[in-house]
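Remember, predicted model here, so these are calculated numbers, not experimental data. By convention in this document, chain letters (A, B, ...) are assigned in the order of the sequence lines, proteins followed by strands, and residues within each chain are numbered from 1.
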Number of protein chains: 2
Amino acid sequence: MPDPVQDAATPPAPAKPAPARAAGSITMHDVARRAGVSLKSVSRVINREPHVSDKLRTKVEQAIAELDYVPDTAARSLAGARSFIISVLFDNPSPNYTMKLQAGAYRACVDHQYHLRIDRIDSARPDAEIVAELAALLRNGRCDGFVLTPPLADIPVVLDFLQAQGVRHVRVAPENPSAQAPGVGMDDTGAGAAVARLLWRAGHRRFGVITGPANHGAAARRRLGFLAALAELGHRGHVAEANGGFAFEGGIRAGAQLLASQPRPTAIFATNDDSAAGALVACAQAGLTVPQDISLCGFDDSWVARSVWPYLTTVYQPIEEMGYAAATLLMDRDGSDAPPLRQMPYRLVERDSIAPPPHEI
Amino acid sequence: MPDPVQDAATPPAPAKPAPARAAGSITMHDVARRAGVSLKSVSRVINREPHVSDKLRTKVEQAIAELDYVPDTAARSLAGARSFIISVLFDNPSPNYTMKLQAGAYRACVDHQYHLRIDRIDSARPDAEIVAELAALLRNGRCDGFVLTPPLADIPVVLDFLQAQGVRHVRVAPENPSAQAPGVGMDDTGAGAAVARLLWRAGHRRFGVITGPANHGAAARRRLGFLAALAELGHRGHVAEANGGFAFEGGIRAGAQLLASQPRPTAIFATNDDSAAGALVACAQAGLTVPQDISLCGFDDSWVARSVWPYLTTVYQPIEEMGYAAATLLMDRDGSDAPPLRQMPYRLVERDSIAPPPHEI
DNA sequence: GCGACAATTGACAACGCTGACAAGTGCAGG
DNA sequence: CCTGCACTTGTCAGCGTTGTCAATTGTCGC
């Protein structure tokens, strides 16, 4: 029950005045006096407004530096149009992903003197409820924009609502980049292709793919890129596939399935690390040693990639960079430079789970 | 280079006015008018100040409910002593731990109409630098208090500085609870003992322990609790020990070491999940099947506990609850109810890595 | 029923900053 | 030298809330 006035049931005790504001903290007045200019001029310099002479700017910046002045966010927010808060809206249950994204967004906020808020919305609920939640969020504490993480970045009702409300938002790894809101993502297709080339170069010719959730676009692109690159490299045979649902247990099942297919693959590409870890177990259960008997490649370079043996060769997804870029996009608003999708570079992380295929017997 | 006035090198483009404040949003004035009382009375009700008659309170609360009023944080912070922001200060590289703690703190903030800030400090640096960082944090954006996560919660210079500055703080899993700052933690000793009893009941009589980093107090307590309970249960033999450093790779080495000791343990207690996962690998490399040939118990119930096969039996650490409790302690300041340490309950999570010992041959 | 005292309520000035608008300044062209 | 215009700089009134202090009410003892 959202009670705007705290929870009436448990009076949180009368607040004793506390030292929130450093007493006698220096303000814009001090800077203005020191620089011998007006208040507004200091404000102009701080906000990089146009029509400020170099001389004045220099004077003010020097005074700011000398006094070690830091503008008060609360006052700026109260007086102006900005709140100096952006929010990362997430639903992704993966702590690894969320944490990294958030870390990147946080860095961006620090760089821009913003605060980062975290909000969660359950994307599985009916549209109407999602909108209601969103509206509550908006009312409850204003913010200058949202970083939308998947799958939130692809829910039409979310996008439409935000647009209708005129709230800025950036989509992370959007399924269908559009001009309406900028997005940051990575080239999943290219990364899938890179995995294919890596495996091919190692000498593999019989492949298996562990696919992801049906509605997960990135997983589909990784698979497609992999398959396309294989075809381009001259591969003609059948590629076995099994769905691992991006989960450990699903990876075990899918791995076992792939191992049972004829002819048995010598290399398996799992479209995320969790399912790759599961596949690793399946291999062990089948009496196969990775990478001597069979090679395995994951995707994400998540925590689990180094919590299994052998360490997983995988694709580093620049999640933190995406968080940084998305947050920056939100704050560096000059209003119009919105490329539909900015792609961050992925990177192959070669560890120990890939080797040349065993000799045929 | 911390530049208070954004980065001079890359002008973030002149900010175009944006819709931060929902236009025509309702304020305290509206509530006051509707309830037919003064502004200050509304303020009193909202802040649960004393000396408010029930009649007035009822009137105001009704008006608030009818108007769906939400106080403006920026204005409150500007006018009053509180900033309505608390910060989780962390250095713990484990995304799992940090994420959970943060999630708990976040929930608490939502419940109290606060914002959560995240700050990071490198605890490995010299004391002087740590203090400088802390001071910068304090100056840069005020907040009403810090949640100190380990190992930050045990650095004397951090504690002293915060106390000297009069900034409230709560310690999470503190090494030496003191009356100076409240702490929340868990009973590591008791949890270690619980593991011992579980293994003993399963029939094990030869044990090994994978210890944690030397300076990690919780790891030491887990070990001690385990050992003490064993002694109490009547165990007299030697308990093999090896240091796993709380890491996967360290766990592999420590596991191998333990497996080589004579007589070989039939059950191993790893003081965290990562090293337990490593031990699992060591067992596999030694040709031992878990849990048929050897039992293994982890600690933390972290993500990896379900990313290995078999799933690890482990101890659930109420990290999120600790985050919630710590944040709540910061916000429910009535100034004096500070128990040195509030212990949150742990829970044994029995999964698949423990079984009765194999028959002697 | 009166004064003293406590409990309750209200008026009003900050809090630190920005937006709108006014005022100055310098330069080209007449 | 003056006018007009573009560029700079300054003045001032809030933004929505809380702290201070004064004003109003209610209560109690005698």
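The separation between B/Lys40 atom NZ and C/dG10 atom C1' is 10 Å, rounded to whole Å. Between the CG atom of A/Asn47 and the P atom of C/dG16 there is a distance of 17 Å, given to the nearest Å. As a whole-Å value, the separation of B/Glu49 CD from D/dT17 P is 14 Å. When the C1' atom of D/dC15 is taken as reference, atom CG of A/Asp72 falls 13 Å away, rounded to whole Å. Atom CZ in B/Phe84 sits roughly 16 Å away from atom P in D/dG16 (whole-Å rounding). A/Arg76 has its CZ atom 18 Å from the C1' atom of D/dG14, to the nearest Å.
Rounded to 10°, the angle separating the first-five-pair axis and the last-five-pair axis of the helix from C/dG1-D/dC30 to C/dG30-D/dC1 equals 30°.
Taking the side chain of B/Thr27 as heavy atoms from C-beta on, and the options D/dT9, D/dT11, D/dG16, the nearest nucleotide is D/dG16. Distances were taken from every side-chain heavy atom of A/Ser41 (C-beta onward) to each of C/dG19, D/dT9, D/dT17; the shortest belongs to D/dT9. Considering only side-chain atoms of A/Met28, the nucleotide from C/dT18, C/dC15, D/dT20 that sits closest is C/dT18. When distances run from any side-chain atom of A/His51 to the nucleotides C/dT8, D/dT9, C/dA11, the shortest one goes to D/dT9. Distance from the side chain of A/Ala79 is smallest for C/dG16 among the nucleotides D/dT11, C/dG16, D/dT18. Considering only the side chain of B/Leu78, C/dC15 comes nearest among C/dC15, D/dG10, C/dT18.
Judged by distance alone, the side chain of B/Asn47 and the main-chain N or O of B/Glu49 form no donor-acceptor pair under 3.5 Å. Side chain of A/Tyr69 to backbone of A/Val31: no donor-acceptor contact under 3.5 angstrom is found. Within the 3.5 Å criterion, the main-chain N or O of B/Ala153 finds a donor-acceptor partner in the side chain of B/Arg171. Side chain of B/Thr328 to main chain of B/Tyr324: a donor-acceptor pair is present (N/O by atom type, distance under 3.5 Å, no hydrogens or angles). Judged by distance alone, the side chain of A/Asp119 and the main-chain N or O of A/Leu89 form no donor-acceptor pair under 3.5 Å. Without hydrogens or angle criteria, B/Ser87 side chain to B/Leu116 main chain gives no donor-acceptor distance under 3.5 Å.
At the heavy-atom level, A/Val42 lies nowhere under 4.0 Å from the strands shown. Note on B/Val37: only backbone sugar-phosphate atoms sit closer than 4.0 angstrom, heavy atoms only; bases stay farther off.
In the displayed structure, A/Arg57 atom CZ is contacted under 6.0 Å by more than 12 heavy atoms of other residues, nucleotides or ligands.
Side-chain N/O atoms of A/Arg44 and base N/O atoms of D/dG10 include a donor-acceptor pair closer than 3.5 Å.
At D/dG10, one or more side-chain N or O atoms of A/Ser38 fall inside 4.0 Å of OP1 or OP2 (strictly under the cut-off). The phosphate of C/dT9 has OP1 or OP2 within less than 4.0 Å of a side-chain N or O from B/Ser53.
A residue-by-residue look at B/Asp54 and A/Leu39 shows that B/Asp54 has its nearest nucleotide of DNA chain C further toward the 5' end.
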